[in-house]
Structures are given as C-alpha cells and as structure tokens.
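Since the structure comes first, as structure tokens, the remarks are kept for the end.
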Amino acid sequence: MDLGIDGKAALVCAASKGLGRACAFSLAREGVKVTILARSPEPLEATAEEIRAATGAAVTTVACDITTPEGRQAALAACPDPDILVNNAGGPPPGNFRDWTRDDWIAAVDANMLTPIELIKATVDGMIARRFGRIVNITSSAVKAPIDILGLSNGARAGLTGFVAGIARKTVAHNVTINGLLPGPFATDRLKSTVTSVAEASGKSFDEVWQARMKANPAERFGDPAEFGEACAFLCSAQAGYITGQNLLLDGGAFPGTL
Ligand code: NAD
C-alpha cells in the first residue's frame, strides 16, 4: 500500500532509539524526509546513517533536549514546516507518589504534556495553511489502564490526551489529524530499564522478570518496535485523513476491555 506521503517532511522527536527510531524508519521507507532528534549526538548520527543506508531517504539530525525551549527552537529551525510531527520524549521514572516533589511533577508535565503541546502549537497552523498535517503523540497504554508505580506518566500523559481530544476535532476539516499511539510493552531500552528496576526491587533476576512479563501478555511476547513504526506511518498516511482524536493501543491485547 502506497501511503501517499512521499516527499513530505517529518519531525520525529526522541528518535535515536526505540519507538521514535522505529517511526522515523517507517516514515523514511515511505519517502518522507525525516528530521530526527535526541540528546546524544553519537547514537543519533548512527541511527541517521542506518536510516539513510536502508531507505535512501534524506535524514537531518538535531542533538537537543526536546523538553527545553532551546531544544524545541533548534528542532524547529532544522524542520520549520513539518507535514508530520511525531511527539516523543523519555518517560518519567517509576516510584511511589508519596516521594514525588512538585519539581518531579513539573519535570514530568514539561516532558510528556507541555513539550508536545508547544510543538503542536508551533506547527499546526502551517499544516492547516498547507491543508495537510499528521500529528502523532507517542504516549502509553497507561493512558487507558494506569499503572500504579507510573503515576507521573499516568498524570502527564492523561493531560496531553485530554488537550488533544479538544483540538483534534478543530483541525481535521483542514486535513490535519492528531492522534495518540499508546504502546504497551515493547522491547526497547526503556523496557529493559523498567524490568531492571522491578528485578532489583523484588530480588529476582532480570531474565526471570523479563520472561514472566512476556508470558503475562496475551501475545506471549513483547511488541517489536518495527510494528509500532508501521502503525505510526499508517496514521501519517494520506489515507488516514478521517482518523483524528483517537488513541490507538498497541499492547498485544493486554487491555482486557471490549472497547
Ligand atoms: P527508549 O529509551 O528506547 O528511547 C528513548 C529515545 O528518546 C532515545 O532515543 C533517547 O535518546 C530519546 N530521548 C529521551 N529523552 C529525550 C529528550 N528529553 N530529548 C530528546 N530525546 C530524548 O524508549 P522507548 O521505549 O522508545 O519509549 C518512548 C516513549 O514511549 C517513552 O516516553 C516511554 O515512556 C513510552 N513508553 C514505552 C513503552 C515501552 O514498552 N517501550 C511502554 C509505554 C510507554
């Protein structure tokens, strides 16, 4: 299926590894010119080289922290008029809400709610003027089924989801859609670090916890980041112009509800 986005420009945040990287890869395979960013230049450049070699697409890199105003300025200077925006950043740490300070909350809300909102604000009117825009926010299955130890993530991402639910109905008449992609457990560095924390806290080995979590999923495996990237590319396709304000859960069926 030709997704009809050859030649479009995409800004893909937090994309040297994991889910962001997979989204950049899938978009580049469709002929999209991708600008990818992450904080550390070396892994970012390595990912850019891999994408160029595999797809032949133009890849621009910006080494920046997207949760800062300077980082967003640098990203938007490199890709001032994106047709596609994939919002992503590292997730907040797990913990007990009794230990979290106001500063911990501000950091989580900054990274996982206000940063995507700032980037939407900076790019959406250009998309509306050009009559094409696809915005995908990488959030979490915790938006639908909150996870107790991830309270900072539950709160910040629910805030973003509520904001988007309001504006996504205002932009779609201009062929600009805004949707959430909600990962369940995907085999990335992030998952390895959360499994490491659980293993340390419970006195079990990493492998024991990793295998148990895999088996607990109805698919009996973790998601492959490439599967996530392909779902993102579809939401960014020309054909997906009638899908907006939705929150697509990719979790191997872990969420037990009918809807
Ligand atoms: P990852 O650790 O594999 O990759 C994160 C990427 O983001 C890296 O490229 C890193 O350099 C970059 N990054 C982090 N903070 C950044 C910042 N401030 N500025 C710029 N770049 C930054 O993580 P992942 O598994 O791909 O997770 C992506 C998002 O999805 C996170 O918010 C995570 O909490 C969420 N999530 C992941 C899972 C999962 O199972 N992998 C499940 C639910 C939610």
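When a ligand or atom number is given, it counts from 1 through the structure's own listing order. When a residue number appears, it is its place in the shown sequence, counting from 1. On a predicted model such as this, the values are computed, not experimentally measured, just so you know.
Put simply, CG on Asn179 and CZ on Phe234 are 10.5 Å apart, with the number rounded to the nearest 0.5 Å. Atoms NZ and SG, on Lys33 and Cys79 in that order, are 9.0 Å from each other to the nearest 0.5 Å.
Under the 4.0 Å criterion applied to side-chain N and carboxylate O atoms, Arg134 and Asp83 are not assigned as salt-bridge partners. Under the 4.0 Å criterion applied to side-chain N and carboxylate O atoms, Arg21 and Glu50 are assigned as salt-bridge partners. Salt bridge Arg221/Glu227: present, at least one basic N to carboxylate O contact under 4.0 Å.
In the hydrophobic clustering, Ile147 connects to Ile149, Leu150, either directly or through intervening members, whenever side-chain heavy atoms lie under 4.5 Å apart.
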Could you list each N/O atom of ligand 1 together with any protein N/O atom closer than 3.5 Å, one pair per line with the distance?
unit_1   : atom_1 : unit_2 : atom_2 : d
ligand 1 : 9 (O)  : Ser16  : N      : 3.1
ligand 1 : 9 (O)  : Ser16  : OG     : 2.6
ligand 1 : 9 (O)  : Lys17  : N      : 3.0
ligand 1 : 11 (O) : Ser16  : OG     : 3.4
ligand 1 : 15 (N) : Arg39  : NH2    : 3.3
ligand 1 : 15 (N) : Gly90  : N      : 3.2
ligand 1 : 18 (N) : Asp65  : OD1    : 2.8
ligand 1 : 19 (N) : Ile66  : N      : 3.0
ligand 1 : 25 (O) : Thr188 : OG1    : 2.5
ligand 1 : 26 (O) : Leu19  : N      : 2.7
ligand 1 : 32 (O) : Ala89  : O      : 2.6
ligand 1 : 32 (O) : Gly91  : N      : 3.3
ligand 1 : 32 (O) : Arg157 : NH2    : 2.9
ligand 1 : 34 (O) : Arg157 : NH2    : 2.8
ligand 1 : 34 (O) : Arg190 : NE     : 3.1
ligand 1 : 40 (O) : Gly184 : O      : 3.2
ligand 1 : 40 (O) : Phe186 : N      : 2.8
ligand 1 : 40 (O) : Phe186 : O      : 3.4
ligand 1 : 41 (N) : Phe186 : O      : 3.4
ligand 1 : 41 (N) : Thr188 : OG1    : 3.0

